[in-house]
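Values below: all heavy atoms of this structure, side chains included; hydrogens, waters and symmetry mates excluded. Please read all numbers here as calculations on a predicted model, not as lab measurements.
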Amino acid sequence: MAAVEIDLGKLPFDIDFHPSDHLVAAGLITGDLLLYRYNADSPAQKLLEVKAHSESCRTVRFIHEGRAIVTGSPDCSILATDIETGSEIVRLENSHGAAVNRIVNLTESTIASGDDEGCIKVWDTRQRSCSHSFNAHEEYISDITFAADSMKLLATSGDGSLSVCNLRSSKIQTRSEFSEEELLSVVIMKNGRKVICGTQSGTLLLYSWGFFKDCSDRFVDLSPNSIDALLKLDEDRVITGCENGLISLVGILPNKIIQPIGEHSEYPVERLAFSHDRKYLGSASHDHLLKLWDLNELVQDSEDGAKNDSSAEDSDNDGMDVDDNIPKSSKDTRYRDRRSCIPNY
């Protein structure tokens with residue numbers, strides 16, 4: 001599958017697409033924020049290059065219907081930048097007590113951020129204030145996803161566990177048992193019944209909703225390398241980005257590799273994201289490239305809807321939120337900073 005390539009010049013840590021226009025943003029190891037206009041028929045045009053942070057720009061998200069971009073950094077700040085002018089709208093200097101590693105959109109006016117010490121915060125972007133704070137983990141927050149119907153945040157961490165934070169009660173509802181490996185990515189699938197986590201070893205862990213203490217299934221044949229990024233295509237299929245540079249389409253329950261989508265040579269895939277029209281899959285890697293993969297045929301297939309294999313479904317009573325105990329710490333020497341080899345991270 002052919003891809004449009006954008007040479008970012010430096011190592012990217014995150015990408016995000018504009019919610020309604022053909023724009024894509026990237027955050028670089030240098031602290032720079034880049035904004036491009038992309039078109040299938042011509043080279044991408046750089047619209048903006050801003051020195052957003054004094055240290056690396058680890059995470060990037062469009063907010064306020066795409067009028068601004070928020071970024072997070074090891075300098076502990078969260079910055080909002082105007083996409084038209086590149087000017088600073090607001091900078092929260094000490095938004096976290098540690099490096100900001102992940103930002104995700106929740107609603108039109110709220111975002112969540114996670115740091116290197118396991119803290120998750122929810123922000124009102126209009127009031128520019130923190131509405132919730134959860135000390136959910138002992139190591140860095142690697143990924144966050146949002147279950148809007150139940151107002152719950154699910155986060156994965158380098159401490160090897162999955163947490164569920166309830167925004168209605170402002171409490172950590174539960175946390176999984178500690179895995180022997182770092183959890184790096186998370187998506188919710190099967191119409192909310194399953195939670196899928198990518199791991200350092202290349203195994204996908206499947207949790208049933210309401211039964212988060214331990215995984216209900218493992219997909220061990222996917223990759224010998226870490227699964228750094230997950231992106232849900234539909235309720236039955238997920239796109240994986242791995243440390244070995246491979247991007248694949250994977251079926252969940254039944255668990256199977258459906259097809260390869262692309263690759264970044266042998267360089268780790270940092271992030272995956274869809275364009276607003278889902279025509280393109282964006283992937284960013286250590287080869288300094290942002291690749292835009294044409295997913296027209298794949299998206300058309302997904303609209304037909306993959307049929308569930310009922311025999312492979314879990315029999316858990318998934319509608320119940322039965323987990324309510326948080327396991328005690330099992331922190332030990334297995335934890336490591338998986339990015340410690342990257343300078344300025």
Next item on the list: Apply side chain to side chain contact (heavy atoms under 4.5 Å, CB included) to the pair Leu154 and Phe146, showing each step before the final yes or no.
Entry: CA-CA 6 Å; Leu154 281 72; Phe146 182 50; over 6 Å; no

Next item on the list: Let me see the working for His286 and Glu243 under side chain to side chain contact (heavy atoms under 4.5 Å, CB included), right down to the final yes or no.
Entry: CA-CA 10 Å; His286 289 201; Glu243 187 181 24; over 6 Å; no

Next item on the list: Begin with the C-alpha distance, continue with both residues' side-chain angles, and end with the deciding distance and a verdict on side chain to side chain contact (heavy atoms under 4.5 Å, CB included) for Arg102 and Asp143.
Entry: CA-CA 6 Å; Arg102 201 79 170 101; Asp143 201 6; 3.0 Å; yes

Margin query: Run Thr110 and Trp123 through side-chain hydrogen bond (donor to acceptor under 3.5 Å, both in side chains) and show every step you take.
Written below: CA-CA 5 Å; Thr110 56; Trp123 303 88; over 6 Å; no

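Using bins of under 30°, 30° to 60° and over 60° for the plane-to-plane angle, the ring pair His132/Phe134 lands in the parallel bin.
Clustering ILVMFWY residues whenever any of their side-chain heavy atoms sit less than 4.5 angstrom apart, transitively, puts Leu106 in a cluster other than the one holding Leu92. Leu33 is not connected to Val90 by any chain of hydrophobic side-chain contacts under 4.5 Å among Ile, Leu, Val, Met, Phe, Trp and Tyr, and they are in different clusters. When the side chains of ILVMFWY residues are joined at heavy-atom separations under 4.5 Å, either directly or via intervening members, Val238 and Leu206 end up in a single hydrophobic cluster. Taking hydrophobic clusters as Ile, Leu, Val, Met, Phe, Trp and Tyr residues chained together by side-chain heavy-atom distances below 4.5 Å, Ile257 does not share a cluster with Leu246. At a threshold of 4.5 Å between side-chain heavy atoms, the hydrophobic network of Ile, Leu, Val, Met, Phe, Trp and Tyr places Leu8 and Tyr267 in two separate groups.
From Ser176, atom OG reaches atom CG of Leu183 across 6.0 Å, with rounding to the nearest 0.5 Å. Rounding to the nearest 0.5 angstrom, the gap separating the CG atom in Leu23 from the CD atom in Gln45 is 10.0 Å. Rounding to the nearest 0.5 angstrom, the gap separating the CD atom in Glu55 from the OG1 atom in Thr30 is 12.0 Å.
Looking at Val195 and Val186, their side chains come closer than 4.5 Å, going by heavy atoms from C-beta outward. In this structure, Ile78 and Ser113 have side chains that are in contact, with non-hydrogen atoms separated by less than 4.5 Å. For the pair Ile29 and Phe13, the minimum side-chain heavy-atom distance is below 4.5 Å. Looking at Ser161 and His137, their side chains come closer than 4.5 Å, going by heavy atoms from C-beta outward. Between Thr71 and Thr59, every side-chain heavy-atom pair lies at or beyond the 4.5 Å cut-off. Residues Leu204 and Asn255 form no side-chain contact, since every pair of their non-hydrogen atoms from C-beta on lies 4.5 Å or further apart. Considering only heavy atoms from C-beta on, Cys119 comes within 4.5 Å of Ser133 through its side chain. Annotation: side chain of Val187 is not in contact with side chain of Leu231 (no heavy-atom distance under 4.5 Å).
A donor-acceptor pair is defined here as one N or O able to donate and one able to accept, closer than 3.5 Å; such a pair exists between the side chain of Glu181 and the backbone of Ser201. Between the side chain of Asn105 and the backbone N or O of Phe62 there is at least one donor-acceptor pair closer than 3.5 Å. Without hydrogens or angle criteria, Glu235 side chain to Lys190 main chain gives a donor-acceptor distance under 3.5 Å. With hydrogens and angles disregarded, no donor-acceptor distance shorter than 3.5 Å links the side chain of Ser73 to the backbone of Ser77. Not a single donor-acceptor pair under 3.5 Å links the side chain of Lys121 to the backbone N or O of Ser131. In this structure, the side chain of Asp116 does not engage the main chain of Tyr140 through any donor-acceptor pair within 3.5 Å. His18 places a side-chain N or O within 3.5 Å of a backbone atom of Gly66 that can act as its donor or acceptor partner. For Ser185 (side chain) and Ile227 (main-chain N/O), a donor-acceptor pair under 3.5 Å exists by modelled atom type. Side chain of Arg193 to main chain of Ser208: no donor-acceptor pair is present (N/O by atom type, distance under 3.5 Å, no hydrogens or angles). Here the side chain of Ser248 pairs no donor or acceptor atom with the backbone of Val250 at under 3.5 angstrom.
Residue-environment remark: NZ (Lys232) exceeds the threshold of 12 foreign heavy atoms within 6.0 Å. Around the CD atom of Glu266, the shell of radius 6.0 Å holds no more than 12 heavy atoms that belong to other residues, nucleotides or ligands. Counting heavy atoms of neighbouring residues, nucleotides and ligands inside a 6.0 Å radius, atom CD of Glu93 exceeds 12 of them. Atom NZ of Lys171 sits in a sparse spot, with 12 or fewer heavy atoms from other residues, nucleotides or ligands closer than 6.0 Å.
Of all heavy-atom pairs between Arg278 and Leu233, the closest is NH2-O, 2.6 Å. For the residue pair Thr81 and Ile89, the shortest heavy atom distance occurs at C-CD1, 3.8 Å. The heavy-atom pair separating Asp14 from Arg58 by the smallest distance is CB-O, 3.3 Å. Here the shortest heavy-atom pairing between Leu79 and Ala52 reads CD2-O, 3.5 Å. Heavy-atom minimum distance, Val100 versus Ser95: CG2-OG, 3.8 Å. Heavy atoms only, all atoms of each residue included: Gly158 and Glu139 are closest at C-CB, 3.7 Å.
In this structure, Lys10 does not pair ionically with Asp32, as no charged nitrogen and carboxylate oxygen lie closer than 4.0 Å. Ionic pairing of Asp21 and Arg37 is present here: one or more N-O contacts between side-chain nitrogen and carboxylate oxygen are shorter than 4.0 angstrom.
Residue Tyr280 is tested with Phe274, Trp293, Tyr38 for a ring-ring contact (aromatic ring centres under 6.0 Å, His included); the sole match is Tyr38. Partner of Ser283 under the side chain to side chain contact (heavy atoms under 4.5 Å, CB included) criterion, chosen from Ile261, Leu289, Leu272, Leu292: Leu272.
A centroid separation of less than 6.0 Å is found between the aromatic rings of His276 and His22. Between Phe17 and Tyr36, the ring centre distance reaches or exceeds 6.0 Å.
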